[in-house]
Number of protein chains: 2
Amino acid sequence: MAKEPRATPYRRSRQRDRILELLRSTETHPTANWLYSKLRKEFPDLSMGTVYRNLGILAEQGLIKRIGFGSTFDRFDANTKHHYHFICESCGAIIDLELAIDNSLNDRVNRTSKHKAHTHDIQFQGICESCATRKKT
Amino acid sequence: MAKEPRATPYRRSRQRDRILELLRSTETHPTANWLYSKLRKEFPDLSMGTVYRNLGILAEQGLIKRIGFGSTFDRFDANTKHHYHFICESCGAIIDLELAIDNSLNDRVNRTSKHKAHTHDIQFQGICESCATRKKT
DNA sequence: GTTCATGCAAATCGTTTGCACAATG
DNA sequence: CATTGTGCAAACGATTTGCATGAAC
């Protein structure tokens, strides 16, 4: 669950430079495929493998973030009332929180932007109770 | 992006009933595969197809929720400073919000539970500015 | 009896990986 | 020149789907 920096140094590559530039130039949150098709014009035989490898490296370097829920596969929840989640960085568990829903958050969005927020989800990240108890690894 | 209820009525099935029961009986947020292996004992020739189909139906009925970021594929963000996201229910756009980070949220988790939260993410859902402007579809 | 749900297997889709060659430092 | 990054294609893992049969209404 933790991330090791890496032993050997990274070499530069035109492809990686451009992926980062392109990602910085947009407000959207592109998918690998979007980047691929944009860059295809400059690098006619760019491959998806290269895009993914570089995205991984950039993320490892902290230059970009991969957004998602942390998990590769779908998870399902029968608790349909609105609640927040805690995701343990150590064991990966997803835990329901008792925390009261803060409806003022939607209001803040609606006051400070032109978007109309109906609801929201929060995921907290950290160390869950049982991992904290059995100390650091 | 919207979800149509469905024309024809659903029929009951023992498999679907048990999937829902099982999901309700646990605090964890199971994956399809976890449900599959549990139910395999009762339905020796259960198939993954059935599990997925039923999870889809239950979610459509609002009896369960699929947790994730709304998107099937990874998205990448070059904006590495902490910020919240707005996801448009109409067009699917993911938009960065200017909203100030509320660090008291972590404190609330740390006070009300035994988990140690370092950080959190929020995704608001609703209708984005440009979809709101060009009215309902 | 008609239609929907199932089980099976093949298909699909996003992502990862092994390999031979090209580019980097 | 030692090693990393690339392109290609095959591999992978999660999820979806087409089809013939069985269950629900």
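So you know, we letter chains A, B, ... as the sequences are listed, proteins then strands, and number each from 1.
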Does B/Ser13 make a side-chain N or O approach to OP1 or OP2 of C/dC4 shorter than 4.0 Å? no
Report yes if some heavy atom in the side chain of A/Gln125 is under 4.5 Å from a heavy atom in the side chain of B/Asp121; otherwise report no. yes
Within this structure, what is the OH-to-P distance between A/Tyr36 and C/dC13, rounded to whole angstrom? 15 Å
A/Asn54 CG - C/dT24 P separation (whole Å): 13 Å
Contact summary for A/Ile64 and B/Ala78, nearest pair of heavy atoms: CG2-CA, 4.1 Å
Kindly assign one of parallel, tilted or perpendicular to the pair B/His82 and B/His120, based on the angle between their ring planes and the thresholds 30° and 60°. perpendicular
Roughly, in whole Å, what's the span from CG in B/Leu55 to P in C/dA5? 14 Å
So, A/Asp96 versus A/His85: side-chain donor-acceptor pair below 3.5 Å or not? yes
Atom-pair distance (CZ on A/Arg16; C1' on C/dT24), nearest Å: 11 Å
Distance-only donor-acceptor check, side chains A/Asn33 and A/Thr31, under 3.5 Å: no
Give me, pair by pair, the N or O atoms of the protein and of nucleotides 10-12 of chain C that are less than 3.5 Å apart, along with how far apart they are.
none

What's the CZ-P distance between A/Phe73 and D/dC12, to the nearest Å? 17 Å
Using a distance-only test with no angle check, is there a side-chain donor-acceptor pair under 3.5 angstrom linking A/Glu98 and A/His83? no
So does B/Glu21 pair up with B/Arg24, basic N to acidic O under 4.0 Å? no
Give the rounded distance in Å between these two atoms: CD of B/Gln15 and P of D/dA24. 8 Å
Check whether the side chains of A/Glu42 and A/Gln15 place a donor and an acceptor atom closer than 3.5 Å, and report yes or no. no
Using heavy-atom distances to pick each residue's nearest nucleotide on DNA chain C, tell me which of B/Asp45 and A/Arg66 is more 5'. B/Asp45
Check this for me, if you would: do A/Arg66 and B/Asp77 make a salt bridge, where the nitrogen-to-carboxylate-oxygen distance has to be below 4.0 angstrom? no
Annotated protein contacts, base or backbone, on nucleotides 17-23 of chain C with a non-hydrogen cut-off under 4.0 Å, one of B, S, - each: BB----B
Given atom CG of A/Asn33 and atom P of C/dT16, what is their separation to the nearest angstrom? 14 Å
Separation of A/Asp17 atom CG from D/dT6 atom C1', in whole Å? 14 Å
